[in-house]
S.K.: 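My questions will all concern the structure given below.
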Amino acid sequence: MQIWPAIDLRGGNCVRLRQGDYQQETVFGTDPAEMAKHWVSLGGEFLHLVDLDGARDGKPSNLKAVRGILEAVDVPCELGGGIRDEQTIRELLDLGLSRLVIGTLALRNPDWFKEMCSQFPGKLVLGIDAKNGFVATDGWLEVSQKKAIELAQQFADEPLAAIVYTDIATDGMMRGANVPAMREMKEAVRIPIVASGGVTTMDDVRKLAAAGLDGCIIGRALYEGTIDLRDAVAQY
């Protein structure tokens, strides 16, 4: 199972939110590039970047920080947040990002997303953020009537790199991952599933691995020290 340390960007800083609430922000660092180097020095082989301003505003807003990270480390990096058109996809891939996470527009314009999957095979990740099983969009500010599993199955035949499935209720709360929901998603499609949200201890990581998840994004637990990245990478 791949371990993806998360670097969430807002206003050029490394932050974490609780349940996606922009009013519940903790700043963990002011130099994203140094943070990236830190996680790589501890054995990180992948990095999951989120442009929180971009997710809310609908266009990438932390490109300076993203460029700094890409220049500082030599590991695959993926970025999500505010990616809403083909030009943005091309520009971000040209920067050196390995893959891009798209969520809101996949829900709102599925035909466009399928076309982008065909144009950029293996480069796009479907980001599904769910609250009580229903898809949330626009930086988690809106909750749709679409079930998360239905959205995943809608794109089951596309050449996606993966699905990042985030449980909003647990994200940033340090109370454990929603393993049953992650297992249900894993069993619903053949696409690689990367779990996100609430991963707090190595026991959470073990449970996700046992449930068959292909990857695991870890955020606040790394910053607060309840998971040692070296241990997680060594075991998985």
Side-chain angles (χ1 to χ4, degrees), residues 4 6-27 32 47-70 77-120 123-132 134-148 150-152 154-155 158 160-169 171-172 194 196-197 217 219:
W4 293 75
I7 299 178
D8 289 4
L9 304 167
R10 189 178 184 204
N13 296 323
C14 303
V15 308
R16 296 298 294 172
L17 307 181
R18 293 184 182 275
Q19 295 182 313
D21 186 346
Y22 284 72
Q23 302 305 311
Q24 298 189 63
E25 174 189 276
T26 303
V27 177
L47 291 176
H48 175 76
L49 315 179
V50 181
D51 186 337
L52 291 171
D53 298 303
R56 181 191 58 198
D57 300 335
K59 59 181 180 180
S61 303
N62 285 275
L63 290 181
K64 181 179 178 181
V66 171
R67 287 192 190 96
I69 290 171
L70 294 173
C77 297
E78 67 181 14
L79 173 70
I83 303 169
R84 308 283 169 84
D85 58 61
E86 182 178 348
Q87 181 178 348
T88 301
I89 291 173
R90 293 188 182 280
E91 290 175 353
L92 291 174
L93 291 175
D94 286 344
L95 280 182
L97 288 157
S98 296
R99 57 194 206 180
L100 305 175
V101 184
I102 298 177
T104 296
L105 209 54
L107 175 68
R108 291 184 176 165
N109 194 341
D111 290 339
W112 173 85
F113 185 61
K114 288 181 179 181
E115 182 182 344
M116 292 303 99
C117 288
S118 296
Q119 286 196 41
F120 305 97
K123 292 292 186 180
L124 301 185
V125 174
L126 173 60
I128 302 181
D129 305 326
K131 188 172 185 178
N132 299 321
F134 289 89
V135 178
T137 63
D138 299 284
W140 301 355
L141 299 176
E142 304 290 337
V143 179
S144 72
Q145 297 301 307
K146 186 83 168 184
K147 288 187 176 180
E150 291 178 359
L151 183 63
Q154 186 174 350
F155 300 107
E158 303 304 320
L160 286 165
I163 291 174
V164 168
Y165 185 33
T166 304
D167 181 66
I168 295 175
D171 190 75
V194 179
S196 175
I217 293 170

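When reading the values below, keep in mind they use all heavy atoms of this one structure, side chains included, and skip hydrogens, waters and symmetry mates.
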S.K.: What distance separates Thr26 OG1 from Asn13 CG, expressed to the nearest 0.5 Å?
M.R.: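 Spacing of OG1 (Thr26) from CG (Asn13) equals 12.0 Å.
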
S.K.: So Leu92 and Val66, do their side chains get closer than 4.5 Å, heavy atoms only?
M.R.: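 No, every pair of side-chain atoms sits at 4.5 Å or beyond.
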
S.K.: Under the salt bridge (charged side-chain N to carboxylate O under 4.0 Å, His left out) rule, collect the residues that match up with Arg90, sequence neighbours excluded.
M.R.: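 With neighbours one apart ignored, the set is Glu86.
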
S.K.: Under a 3.5 Å distance rule, please check whether Asp167 uses its side chain to pair with a backbone N or O of Gly197 as donor and acceptor.
M.R.: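 Checked: no pair found.
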
S.K.: Just by modelled atom types, is the Ser61 backbone N or O under 3.5 Å from a matching donor or acceptor in the Asp51 side chain?
M.R.: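 Side chain of Asp51 to backbone of Ser61: a pair is present.
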
S.K.: Can you name the side-chain contact (heavy atoms from CB on, under 4.5 Å) partners of Ser144, sequence neighbours left out?
M.R.: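 Once residues adjacent in sequence are excluded, the partners of Ser144 under the side-chain contact (heavy atoms from CB on, under 4.5 Å) criterion are Leu107, Val135, Lys146.
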
S.K.: Should Asp53 and Leu9 count as side-chain neighbours, where that means a heavy-atom distance under 4.5 Å?
M.R.: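 Contact flag for Asp53/Leu9 side chains = no.
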
S.K.: Return the minimal non-hydrogen interatomic distance between Leu49 and Cys77, and the atom names on each side.
M.R.: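 Scanning both residues completely, I find the closest heavy atoms to be CD1-CB, 4.2 Å.
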
S.K.: From Leu47 CG over to Ile217 CD1, what is the distance, rounded to the nearest 0.5 angstrom?
M.R.: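 Nearest 0.5 Å value for the CG-CD1 distance: 11.0 Å.
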
S.K.: Is there a side-chain contact between His48 and Val50 (heavy atoms, below 4.5 Å)?
M.R.: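 Yes. Closest side-chain heavy atoms under 4.5 Å.
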
S.K.: Counting only heavy atoms from other residues, nucleotides and ligands, does the tally under 6.0 Å from NZ of Lys114 exceed 12?
M.R.: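 Correct, the count exceeds 12.
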
S.K.: Who passes ring-ring contact (aromatic ring centres under 6.0 Å, His included) against Phe155, sequence neighbours left out?
M.R.: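 Residues passing ring-ring contact (aromatic ring centres under 6.0 Å, His included) with Phe155: Phe113.
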
S.K.: Apply side-chain contact (heavy atoms from CB on, under 4.5 Å) to the pair Leu124 and Ile83, showing each step before the final yes or no.
M.R.: CA-CA 11 Å; Leu124 301 185; Ile83 303 169; over 6 Å; no

S.K.: Find out whether Leu97 and Leu70 are in side-chain contact, i.e. whether some heavy atom of one side chain is under 4.5 Å from a heavy atom of the other.
M.R.: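 Of all side-chain heavy-atom pairs linking Leu70 with Leu97, at least one is under 4.5 Å.
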
S.K.: Within a radius of less than 6.0 Å around CG of Asp85, do more than 12 heavy atoms belonging to other residues, nucleotides or ligands occur?
M.R.: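 Counting other residues, nucleotides and ligands, CG of Asp85 exceeds 12 neighbours.
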
S.K.: Determine whether a donor-acceptor pair (N or O, by modelled atom type, separation under 3.5 Å) exists between the side chain of Asp57 and the backbone of Lys59.
M.R.: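 The answer is no, because no donor-acceptor pair under 3.5 Å joins these two groups.
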
S.K.: Side chains of Gln154 and Leu126, heavy atoms from C-beta outward: is any pair under 4.5 Å?
M.R.: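 Not in contact.
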
S.K.: Would a 4.5 Å heavy-atom cut-off, applied to side chains only, mark Lys123 and Leu93 as touching?
M.R.: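 Side chain of Lys123 against side chain of Leu93, heavy atoms only: contact under 4.5 Å found.
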
S.K.: From Ile7 CD1 over to Ile69 CD1, what is the distance, rounded to the nearest 0.5 angstrom?
M.R.: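 Spacing of CD1 (Ile7) from CD1 (Ile69) equals 4.5 Å.
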
S.K.: As a quick check of understanding, evaluate side-chain contact (heavy atoms from CB on, under 4.5 Å) for Leu79 and Leu95, giving each step before the final call.
M.R.: CA-CA 11 Å; Leu79 173 70; Leu95 280 182; over 6 Å; no

